[in-house]
Amino acid sequence: MPVIQMNSNRILTLTSDFGFSDVYVGVMKGAIAQVNPSLTVIDITHEIPPQHLAAARFCLMDAYRYFPHGTVHVAVVDPGVGSNRRAIAIEFEHGFLVGPDNGIFSGILSQSPAIAAVELTHSQYWRTPQLSKTFHGRDIFAPVGAHLASGVPLRELGKAIDLATLLQLDLPQLIYTSTEIIGCIQYIDRFGNLVTNIPGSDVENQTWTVRLGERIVPGCQTYSNVSPREALALIGSHGWVEIAINCGNAQLQLQQHWGDRVEVVISER
């Protein structure tokens, strides 16, 4: 095991689809503690729907800005585990990203581009060279993240890779017309709120509505602008236009899904 450089006080975050009913999250934290038990480890979420890369992409993109510069974000939503998909670490302006090369980090990198990246080929920083075929979160990503947060330089973790080869998980391009913005649903939270990829800044201080097929939803300031069980659209705390039901579940009531088309209609500019 390499000597740990204890001169770093970086935070390490964890994001996964593991849930809490099994041991997987605890085991990853154990692997981190074996490297450096002094690290601060923060859970972003472990309730990503199983194998749902788009949900993981959004949650990481929404969360990273609330952590100090230098934070190491370990994310494990990895339907390709055990295949030839790359295990990677990335440096970007705000810190570091560790996980599979499957597009999970593309939301963050669309806002804060990568500076450097490596493929995690140096097994001395893994938990063991005898990898599980199903749990790289334990055997590679958690220990590598711990080494990185403890001060090991990115370049020591593996071979440099071309940033242009990082896999992307892109959403459909926004379409702007004189009166409309056409986007899609990029995330659905546990309340059933439908978060679009339309920036709230595009509708601020304007009169607007949202069209979902034949349904028209008013643009509002708060949930209380409509009666209970009525639909509304507003700018969420994450900064995106979202569709909600006051005291209800928009996904169930409106029968919408990830990727569905959303049209914002601007009445006044």
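Since we're looking at a predicted model, the values are computed, not measured.
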Undergrad: Is the shortest side-chain heavy-atom distance between L53 and P79 below 4.5 Å?
TA: yes
Undergrad: Can you tell me how far the CZ atom of R215 sits from the CG atom of L254, to the nearest 0.5 Å?
TA: 5.0 Å
Undergrad: Could you label the plane-to-plane angle of the H73 and F92 rings as parallel, tilted or perpendicular, counting under 30° as parallel and over 60° as perpendicular?
TA: tilted
Undergrad: For H136, what residues pass the ring-ring contact (aromatic ring centres under 6.0 Å, His included) criterion, not counting sequence neighbours?
TA: none
Undergrad: Do side-chain atoms of H238 reach the backbone of W240 as a donor and acceptor pair under 3.5 angstrom?
TA: yes
Undergrad: Keeping the roles fixed (side chain from E91, backbone from V118), state whether a donor-acceptor pair exists under 3.5 Å.
TA: no
Undergrad: Do any N or O atoms from the side chain of D139 and from the backbone of L131 form a donor-acceptor pair under 3.5 angstrom?
TA: no
Undergrad: Starting at CD of Q251, measure out to CZ of R190 and round the result to the nearest 0.5 Å.
TA: 13.0 Å
Undergrad: In Å, rounded to the nearest 0.5 Å, how long is the span from CG of N193 to CD1 of I188?
TA: 10.0 Å
Undergrad: Going by distance alone, is a donor N or O of one side chain under 3.5 Å from an acceptor N or O of the other, for N197 and Y187?
TA: no
Undergrad: Examine distances only and state if a side-chain atom of D43 and a backbone atom of T45 form a donor-acceptor pair shorter than 3.5 Å.
TA: no
Undergrad: CZ/R10 to CZ/F96 distance, rounded to the nearest 0.5 angstrom?
TA: 4.0 Å
Undergrad: I'd like to know if the side chain of T209 reaches the main chain of I216, judged simply by a donor and an acceptor atom lying under 3.5 Å from each other, with no hydrogens or angles considered.
TA: no
Undergrad: Roughly how far, to the nearest 0.5 Å, is OG1 of T196 from CZ of R261?
TA: 13.0 Å
Undergrad: Parallel, tilted or perpendicular for Y24 and F135, by the 30°/60° rule?
TA: perpendicular
Undergrad: Pick from V217, I266, I198: which one makes a side-chain contact (heavy atoms from CB on, under 4.5 Å) with W208?
TA: I266
Undergrad: So, the side chain of D260 versus the backbone of Q256: is there a donor-acceptor pair under 3.5 Å, distance only?
TA: no
Undergrad: I need the Y64 OH to I44 CD1 distance, nearest 0.5 Å.
TA: 12.0 Å
Undergrad: Given 3.5 Å as the limit, does a donor-acceptor pair link the side chain of D17 with the main chain of Q51, or not?
TA: yes
Undergrad: Taking the side chain as C-beta and beyond, is there a heavy-atom pair between I235 and E204 under 4.5 Å?
TA: yes
Undergrad: Does D101 pair with R85 as a salt bridge, N-O distance under 4.0 Å?
TA: no
Undergrad: Under 6.0 Å between ring centres: does that hold for H46 and F18?
TA: no
Undergrad: I'd like to know if the side chain of S227 and the backbone of E230 have a donor-acceptor N/O pair within less than 3.5 Å.
TA: no
Undergrad: Check whether any side-chain N or O of R65 sits under 3.5 Å from a backbone N or O of M61 as a donor-acceptor pair, and report yes or no.
TA: yes
Undergrad: Determine whether L14 and I42 make a side-chain contact, defined as any pair of heavy atoms from C-beta on separated by less than 4.5 Å.
TA: no
